Visitor: 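Provided herewith is a single structure, encoded as structure tokens, for subsequent inquiry.
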Amino acid sequence: MARVRYGARTEAEIVAARTASSRLPAIWSTGVVAVWESDPDAVAAVLPPPLKPTGRPLVRANISRVALPGYPLGAGSVAVAAEHGGVVGWYPLVMPMTHERALIGGREVFGEPKKLGDVRVERDGLVVRASLARHGIAFVEVRGAVGGALPLPEPTRRTDFYFKFLPAVDGSGFEADPVLVHCVRNEKVRKLESVTGDVVLRESMYDPVADLPVHAVVEITIGEKTTDQQGRVMERVSAQALLPYIHQRYDDPAQVLDGPPEGSA
């Protein structure tokens, strides 16, 4: 009988797949990063407990084109500065990806708020335009002119905060208490240039980052970098405390509360 591909994998196949994924070469991306100072009350309002605001209400948009073997990937995020347990990092609100493979792993393993979207990084000489779009709306656009080269930073570590949870089958909340994940990224940069420009936020009911207005642009850069990441569960968090925020993960907030149809067995 021909092999049934939905059938069980052998132990050797499982080990081979795990080994292959652990030996990926360094993957470089070209990306635009914009950081701006926003309204402190707005930044505090989007942080689920136990995350807390930092001393400065910063928002960070990262818009990248990743040189994956075989096909390019557009990857982006919009995150706010946050603190947990003495660690200062970033809490991403939305992470558009252009391919499903990049979306699934991050959501299911780390709890990343990834969604399919359109991510573009375009450069024509010294002119740069980068955008994050979903449902036909470019809700973040960074435009500007490239200035001079910047000194290359030393390898750095950055922490992102995620909440990993499983919605309950009956629509009542969660199957178990959610967990707070610290995802540590080790980042190396091989090229970095300054950009003089602006950040445009457009209204979108699906991705309302326009609620985090640009009060002052802190910096805009374009560069080439590679990162690796490791996640760690730091603590279980209150389901009731997180429940008011889970609409951040979904285009339709009612979706996570969908239970079985009335009268179904």
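In this text, all values refer to a predicted model and were calculated from it rather than measured experimentally.
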Visitor: If Ile, Leu, Val, Met, Phe, Trp and Tyr residues are connected whenever their side-chain heavy atoms lie under 4.5 Å apart, and connections chain through other members, are Val199 and Leu58 in the same group?
Guide: no

Visitor: Is the shortest heavy-atom distance from the side chain of Glu235 to the side chain of Pro50 under 4.5 Å?
Guide: yes

Visitor: Linking I/L/V/M/F/W/Y whenever any side-chain heavy atoms sit under 4.5 Å apart, do Val33 and Val189 land together?
Guide: no

Visitor: Grab the two heavy atoms, one from Ala138 and one from Ser131, that are nearest each other, plus how far apart they are.
Guide: CB-CB, 4.4 Å

Visitor: Is the number of heavy atoms from other residues, nucleotides or ligands under 6.0 Å of Arg190 CZ greater than 12?
Guide: yes

Visitor: Could you tell me the separation between the CG atom of Asp118 and the CZ atom of Phe139, rounded to the nearest 0.5 Å?
Guide: 10.0 Å

Visitor: How long is the straight-line distance from CG of Asp211 back to OG of Ser204, given to the nearest 0.5 Å?
Guide: 10.5 Å

Visitor: Any heavy-atom pair between the side chains of Val200 and Arg143 that's under 4.5 Å?
Guide: yes

Visitor: Taking Lys164 for its side chain and Glu108 for its backbone only, find out whether a donor-acceptor pair lies under 3.5 Å.
Guide: yes

Visitor: Please name the residue in the list Val32, Val195, Leu150, Val146 that meets the side-chain contact (heavy atoms from CB on, under 4.5 Å) test with Thr221.
Guide: Leu150

Visitor: Distance check, rounded to the nearest 0.5 Å: Arg158 atom CZ versus Asn186 atom CG?
Guide: 10.5 Å

Visitor: Hey, is CD on Glu13 packed in by over 12 heavy atoms from elsewhere, all under 6.0 Å?
Guide: yes

Visitor: Tell me if a side-chain donor or acceptor on Lys114 pairs with a main-chain N or O of Ile104 at a distance below 3.5 Å.
Guide: no

Visitor: Is Arg5 atom CZ crowded by more than 12 heavy atoms from other residues, nucleotides or ligands, each under 6.0 Å away?
Guide: no

Visitor: What residue pairs, at least two apart or across chains, pass salt bridge (Lys or Arg N to Asp or Glu O under 4.0 Å) with a residue in residues 54-75?
Guide: Glu37-Arg56

Visitor: Between Leu192 and Pro153, which heavy-atom pair has the shortest distance, and what is it?
Guide: CD2-CD, 4.1 Å

Visitor: Are Lys115 and Asp207 packed together at the side-chain level, in the sense that at least one heavy-atom pair is separated by less than 4.5 angstrom?
Guide: yes

Visitor: Considering all heavy atoms of both residues, which atom of Val121 and which atom of Thr30 are nearest to each other, and what is their separation?
Guide: CG2-O, 4.2 Å

Visitor: Distance from Phe165 atom CZ to Leu180 atom CG, nearest 0.5 Å?
Guide: 12.5 Å

Visitor: Are Val59 and Leu51 linked, directly or through other ILVMFWY residues, by side chains that come within less than 4.5 angstrom of each other?
Guide: yes

Visitor: Starting from the C-alpha separation in whole Å, work towards a yes-or-no answer on side-chain contact (heavy atoms from CB on, under 4.5 Å) for His135 and Asp251.
Guide: CA-CA 10 Å; His135 300 287; Asp251 286 350; 2.8 Å; yes

Visitor: Can you name the closest pair of heavy atoms from Asp177 and Ala239 and give their distance?
Guide: OD1-CB, 3.8 Å

Visitor: Group every Ile, Leu, Val, Met, Phe, Trp and Tyr by side-chain heavy-atom contacts under 4.5 Å, then state whether Val80 and Phe163 land in the same group.
Guide: yes

Visitor: Only one of His182, Met95, Arg107 forms a side-chain contact (heavy atoms from CB on, under 4.5 Å) with Tyr162, so which one is it?
Guide: Met95

Visitor: If only atom types and distance count, is the side chain of Arg9 paired as donor or acceptor with the main-chain N or O of Glu11 below 3.5 Å?
Guide: no

Visitor: Return yes when atom CZ of Arg202 has more than 12 non-hydrogen atoms of other residues, nucleotides or ligands closer than 6.0 Å, and no otherwise.
Guide: yes

Visitor: Identify the residue among Asn62, Ile63, Val140 that makes a side-chain contact (heavy atoms from CB on, under 4.5 Å) with Val78.
Guide: Val140

Visitor: Could you check whether any side-chain heavy atom of Leu132 comes within less than 4.5 Å of a side-chain heavy atom of Val209, counting everything from C-beta outward?
Guide: no

Visitor: Passes side-chain contact (heavy atoms from CB on, under 4.5 Å), Asp160 versus Phe110? Steps please.
Guide: CA-CA 10 Å; Asp160 284 344; Phe110 293 101; over 6 Å; no

Visitor: Any side-chain heavy atom of His84 within less than 4.5 Å of one from Thr159?
Guide: no

Visitor: Is any side-chain heavy atom of Tyr245 less than 4.5 Å from a side-chain heavy atom of Pro49?
Guide: yes

Visitor: Can you tell me how far the CG atom of Leu103 sits from the OG1 atom of Thr98, to the nearest 0.5 Å?
Guide: 10.0 Å

Visitor: Keeping Gln248 on the side-chain end and Val46 on the backbone end, is there a donor-acceptor pair under 3.5 Å?
Guide: yes

Visitor: For the atom pair CD (Glu83) and CZ (Phe161), what is the distance rounded to the nearest 0.5 Å?
Guide: 7.0 Å

Visitor: Apply side-chain contact (heavy atoms from CB on, under 4.5 Å) to Ile220 and Val128, showing your working.
Guide: CA-CA 11 Å; Ile220 304 175; Val128 169; over 6 Å; no

Visitor: Of the non-hydrogen atoms in Pro72 and His99, which two are nearest, and what is the gap between them?
Guide: O-NE2, 2.8 Å

Visitor: Quick check: closest heavy atoms across Ala210 and Glu203, and the distance to 0.1 Å?
Guide: CB-OE1, 4.1 Å

Visitor: If you group Ile, Leu, Val, Met, Phe, Trp and Tyr by side-chain heavy-atom gaps below 4.5 Å, do Leu93 and Val35 land in one group?
Guide: no

Visitor: Output yes when Glu187 and Arg185 qualify as a salt bridge under the 4.0 Å nitrogen-oxygen rule, no when they do not.
Guide: no

